[in-house]
Amino acid sequence: MRKPVIAGNWKLNKTIAEAKALTTELVAGLADVTDIEIIIAPVFTALSPVADLLKGSPLQLAAQNCYPQETGAFTGEVSPLMLKDAGCQAVIIGHSERRQLLKESNELINQKIKKTLAADLKVIFCIGETLEEREKDLTLDILTTQVKGGLLGLAPEQMTDVIIAYEPVWAIGTGRTASNEQAQEAHSFIRGLLLGLFDQATADACRILYGGSVKPANVDGLMAQDDIDGALVGGASLKAADFCRIVKFE
Ligand code: PGA
């Protein structure tokens, strides 16, 4: 019912030449996949060259961030319109590395989501608790605050272009994945939040991805969970063979 999404977050990796080489491998390895939505997110400088290579392929392109203004005196920033112009179909917003390192607030993330949707781009909206928050039993409170804050003021029909990524911060880049049960529990809670904020149809249709040390070895178990509709993959998305295997989960 929900089309799975596998997205690769390349983070701060790959020169333009390296990004093109990886893209060429992915396009060859995934050309026949039609039942999964595949998205890759290189660094800004590689977006346009990678977009050229993706023409005619089923892979979609995402940026890793944006600024919530169309144009103007915002030195160093990039707007959703510019990203669309560079060939993107989506933007990752609210990644925990940006929340932590760049102190992005739920309010800023909400503005970014609105501007990105207004530019007719999809959003991959990231949420997730830290280890400290989980140990203090605050996971559900944190998820509630992040979901409500990030999606504030959105109409149900706008949610068709929003993909949520649940990424427990303690599982990102640590090799420590949430168990299938821990992930399913969080995903089902998030879907319940969507039901409260919007309606049953919106909650049922929204794709919720899991992220945090997803690898070929654990993707199948995660994808077997009822409320896990895909993965946001960091480290393993940098290797063509690993990412292709993750896309072709069983
Ligand atoms: P990881 O990163 O797969 O390397 O843990 C996931 C992410 O941060 O999106």
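Ligands are counted one by one from 1 in listed order, and the atoms in each one are counted from 1 as well. The first residue in the sequence is number 1, and the count goes up from there.
Between Gly235 and ligand 1, at least one pair of N/O atoms sits closer than 3.5 Å.
If you look at Asn9 next to ligand 1, the close heavy atoms, those under 4.0 Å, all belong to the side chain. Contacts between Ser237 and ligand 1, counted as non-hydrogen atom pairs separated by less than 4.0 Å, are absent for every part of the residue.
At least one heavy atom of His95 sits closer than 4.0 Å to an atom of ligand 1. Gly212 counts as a contact of ligand 1, since one of its heavy atoms falls under 4.0 Å from the ligand. Residue contact check for ligand 1: Ala171 places a non-hydrogen atom closer than 4.0 Å to it.
Among all protein heavy atoms, the one lying closest to atom 7 (C) of ligand 1 is Glu167 OE2, 3.1 Å. For atom 3 (O) of ligand 1, the closest non-hydrogen atom on the protein side is Gly234 N, 2.8 Å.
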Leu61 and Val50: CA distance, side-chain angles, deciding distance, side-chain contact (heavy atoms from CB on, under 4.5 Å) verdict: CA-CA 8 Å; Leu61 187 66; Val50 166; 3.7 Å; yes

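Sorted by first and then second residue, the side chain to side chain donor-acceptor pair (under 3.5 Å) pairs with a member in residues 212-235 read Arg2-Asp229, Thr177-Asn218, Gln184-Asp227, Arg191-Asp227, Arg191-Asp229, Asp220-Arg245; sequence neighbours excluded.
Electrostatic pairing of Arg99 and Glu167 does not count as a salt bridge here, judged by no charged N lying under 4.0 Å from a carboxylate O.
Remark: the Asp199 side chain and the Thr202 side chain contain an N/O donor-acceptor pair separated by less than 3.5 Å.
The atoms of ligand 1 that sit less than 4.0 Å from any heavy atom of Ser213 are 1 (P), 3 (O), 5 (O). Annotation for ligand 1: atoms under 4.0 Å from non-hydrogen atoms of Gly173 are 1 (P), 4 (O), 5 (O).
Surrounding CG of Leu101 are more than 12 heavy atoms belonging to other residues, nucleotides or ligands, all under 6.0 Å away. Heavy atoms from other residues, nucleotides or ligands lying under 6.0 Å from NZ of Lys114 number more than 12.
The backbone N or O of Glu97 sits nowhere less than 3.5 Å from a side-chain atom of Gln100 that would complete a donor-acceptor pair.
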